[in-house]
Protein chains: 2
Amino acid sequence: MPATIHDVAKKAGVGIGTVSSVLNNSRPVNPATRQKVLDAIKWLDFVPNPSGRRLSMGKTHTIGVVIPFFTIASQIERLRGVMSVIAGSDYDISLYTVETVPQRNKVLQRVARRGHIDGLLIFSLSPTEEDLQRIKQRQVPTVLIEAYHPEVHSLSLDDVAAARNAVEYLINLGHRKIAYIGDYLEDPFGTYFSRNRFEGYCQALKAAGITVDKRYQRQGWLDRSEARQLALDLLQLPDRPTAVFAFSDEQALGVLEAARDLDISVPQQLSVIGYDDIRIAHFAQLTTVRQNLFDSGVKGVELLLNVIEHPNATPQHIQLPTKLVIRHTTAPPPVMENIL
Amino acid sequence: MPATIHDVAKKAGVGIGTVSSVLNNSRPVNPATRQKVLDAIKWLDFVPNPSGRRLSMGKTHTIGVVIPFFTIASQIERLRGVMSVIAGSDYDISLYTVETVPQRNKVLQRVARRGHIDGLLIFSLSPTEEDLQRIKQRQVPTVLIEAYHPEVHSLSLDDVAAARNAVEYLINLGHRKIAYIGDYLEDPFGTYFSRNRFEGYCQALKAAGITVDKRYQRQGWLDRSEARQLALDLLQLPDRPTAVFAFSDEQALGVLEAARDLDISVPQQLSVIGYDDIRIAHFAQLTTVRQNLFDSGVKGVELLLNVIEHPNATPQHIQLPTKLVIRHTTAPPPVMENIL
DNA sequence: TCTGTTTTCGGAAACGCTTCCGAATCGCCG
DNA sequence: CGGCGATTCGGAAGCGTTTCCGAAAACAGA
């Protein structure tokens with residue numbers, strides 16, 4: 001049976017209030033007394049019971065992190081950023097992964113309640129109005145990463161610009177037949193960035209006077225093997241694209257796999273650009289849009305910890321920078337194609 | 001201010017004991033009364049405060065998961081397995097990542113205490129005697145995954161046999177100069193599997209009458225870029241190896257990168273085998289030793305939940321199967337080499 | 001109608017902590 | 001030595017649950 005604060009008090013011959021004061025430095029204590037208490041704590045191997053502390057203080061010292069697409073490397077990088085900050089604080093991390101829509105709803109309903117957590121960090125999910133209502137009503141400090149809602153603090157990317165930029169790069173290389181492989185635009189999780197990246201893709205094409213061709217657009221689940229299927233289909237079109245802009249690195253890797261399946265050499269016959277710059281992207285030599293994932297995790301918790309301190313601050317919306325990283329999956333289109 | 005059980009009791013015109021009974025089905029309640037209580041709960045949007053519940057029941061409904069090498073894909077796969085089970089239970093997951101030795105110690109000290117968590121799941125870390133003492137003393141139900149200690153429940157692999165098997169495969173292909181790139185044998189985290197895999201490597205060589213050559217052994221931090229450096233060194237030896245057995249896929253990928261740096265073609269001039277079968281391994285076409293990572297997570301929590309129910313069960317030690325998955329980074333050694 | 005049994009329920013106590021009011025002690029000055 | 005502010009500390013109250021003792025009500029049997 002673990003020791004309690006009363007055991008310590010008795011052992012040290014002081015009152016429980018004094019022990020608590022020593023534990024939390026909450027009021028001055030005579031050095032001699034403090035030493036007695038410390039000795040007793042050590043002797044009894046006492047650790048304050050967090051449940052008691054929580055109940056008494058009304059704080060849980062826990063931050064909930066909600067992560068969809070957990071299979072995807074980018075999320076892990078963010079989480080690492082979060083953990084690096086948390087390790088130096090006295091908060092714990094409660095992890096909630098989301099793989100399906102019902103799960104998403106269940107998690108958002110169950111988690112966003114006072115008493116479970118002190119704050120909520122949500123990756124890549126834009127809350128619905130209903131979710132938001134609940135969050136606001138329960139007054140749970142919340143920060144969104146890679147998602148947006150005007151009434152909640154958020155960190156997001158200028159996806160439109162980043163995607164446009166990437167596609168412009170392909171256009172400048174000479175590509176005209178540029179395909180897009182992405183997430184479902186009306187994705188069930190209610191995210192915006194899917195539409196944003198697609199929007200950027202369209203903008204770049206239009207600006208260059210290239211017609212946006214439906215045949216060159218494919219949507220699928222955010223997952224390498226599905227992207228591979230989509231790409232197989234795409235690359236067997238009679239007039240196949242010379243470049244693919246993928247919504248995510250994960251999907252870009254699927255495209256690379258498909259190209260290999262079909263003996264299409266990259267970048268000679270096909271250029272591929274991804275999005276995220278996950279760690280494998282480096283290995284795969286993938287040209288991609290880098291978002292500083294680790295850093296987004298760091299900034300996200302830091303903001304959240306801040307919001308926990310100052311619950312009534314007006315929502316901040318921070319834009320994170322992106323950068324096109326050029327590696328070896330992009331090149332000018334094959335010459336023949338241009339001649340024909 | 002959230003409603004409490006007293007508010008509900010007052011609203012429903014019953015006692016708090018009755019409300020609690022309804023909440024937990026802990027004793028029979030007259031249907032009419034129950035309905036009144038349920039109405040009040042709905043009306044007040046009442047959710048029991050977990051801190052109160054925890055304190056009262058002495059259970060935290062939280063499982064701590066300790067994960068070193070979090071950058072490494074294999075750990076994520078395991079964690080996914082864990083999460084898939086937890087999603088259907090009423091436990092929460094508290095995540096503790098470990099990146100350094102001091103952190104390892106801090107985490108094992110702070111986490112393994114009653115009152116924080118109901119159970120502890122430790123990945124890939126063999127506890128020291130001191131850790132163990134603490135764990136036993138505090139009576140925290142614990143399960144090790146990919147680690148071993150006679151006095152704690154564990155899931156582990158027969159690393160010796162798996163490694164021997166992999167190296168035998170290389171030998172059968174005709175290789176004689178087989179290098180090993182691994183973790184530090186005396187690794188600071190106190191793990192066994194490092195030594196075990198090396199042991200398997202040695203056993204295979206000896207059984208084939210090949211002398212174990214120190215020049216062909218490299219140890220480094222478990223990380224792709226460091227492995228790459230080690231491999232660069234190794235592959236520039238005057239009499240360079242024709243095959244490399246790597247301790248992990250992550251390191252095997254580093255070897256592949258080094259080979260590419262040096263324009264050594266794989267598998268024509270160099271064979272590489274990894275260990276784990278992480279998801280990228282498939283993409284990289286890496287021959288590797290598969291351990292069913294997701295499944296190890298599933299089995300691990302299931303065992304832990306069981307141990308939480310029956311704290312005094314004698315320690316179980318489950319061996320997980322492994323399998324050599326042959327892809328395209330292994331081939332017979334170059335013929336010239338054999339002639340010279 | 002009375003007694004004994006079963007069903008149903010109220011609320012005090014306990015969980016381990018923090019907070020804070022007020023009491024005790026100390027130190028200083030006149 | 002007396003008085004007063006400063007310092008130090010004890011422990012009751014309260015946080016929101018669950019548990020459980022025992023009381024009240026309902027019911028059954030004679």
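Note that this is a predicted model, so its numbers are computed, not measured. All heavy atoms count here, side chains included; hydrogens, waters and symmetry mates do not. In the text below, chain A, chain B and the rest are named by the order of the sequence lines, each starting its count at 1.
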Point to revise | Spacing of A:Asn49 atom CG relative to D:dC15 atom P, expressed in whole Å | key: 19 Å
**Study point:** Closest listed nucleotide, where the reference is the side chain of B:Arg53 and the choices are C:dC17, D:dT18, C:dC9
**Key:** D:dT18
Point to revise | Residue whose nearest DNA chain C nucleotide is more 5′ - B:Gly15 or B:Ser56 | key: B:Gly15
Review point. Whole Å only: how far is the CD1 atom of A:Ile16 from the P atom of D:dC9?
Key: 15 Å
Review point. Among C:dC9, D:dT17, C:dT18, which nucleotide sits nearest the side chain of A:Asn24?
Key: C:dT18
**Study point:** Sugar-phosphate only, base, or nothing, as touched by B:Val8 at under 4.0 Å among non-hydrogen atoms
**Key:** nothing
Point to revise | Between C1' of C:dT19 and CG of A:Leu23, the distance in whole Å | key: 14 Å
Review point. Taking atom types as modelled, is there a side-chain donor on A:Asp92 or A:Thr62 under 3.5 Å from an acceptor on the other?
Key: no
**Study point:** A:Lys299/A:Asp295 ion pair, N-O < 4.0 Å
**Key:** yes
Point to revise | Nearest-nucleotide pick for B:Pro28, side chain only, options being D:dG16, C:dT8, D:dC9 | key: C:dT8
Check your understanding: Among the nucleotides D:dT17, D:dG10, C:dC17, which one has an atom lying closest to any side-chain atom of A:Val14?
Key -> D:dG10
Practice item. Counting heavy atoms from C-beta on, name the nucleotide in C:dT19, C:dT8, C:dG16 closest to the side chain of A:Ser26. Key: C:dT19
Exercise for review: Please work out if B:Arg54 contacts a base, only the sugar-phosphate, or nothing of the nucleic acid, heavy-atom cut-off 4.0 Å.
Suggested key: nothing
**Study point:** Side-chain N or O of B:Ser20 closer than 4.0 Å to phosphate OP1/OP2 of D:dT18
**Key:** yes
Practice item. Report the distance from atom CZ of B:Arg34 to atom P of C:dT8, rounded to the nearest whole Å. Key: 11 Å
Exercise for review: Find the distance A:Gln35:CD to D:dC9:P and express it as a whole number of Å.
Suggested key: 13 Å
Review point. How close or far is atom P of D:dT19 from atom CG of B:Asn25, stated in whole angstroms?
Key: 12 Å
Check your understanding: Side-chain donor-acceptor pair under 3.5 Å between B:Glu146 and B:Ser156, yes or no?
Key -> no
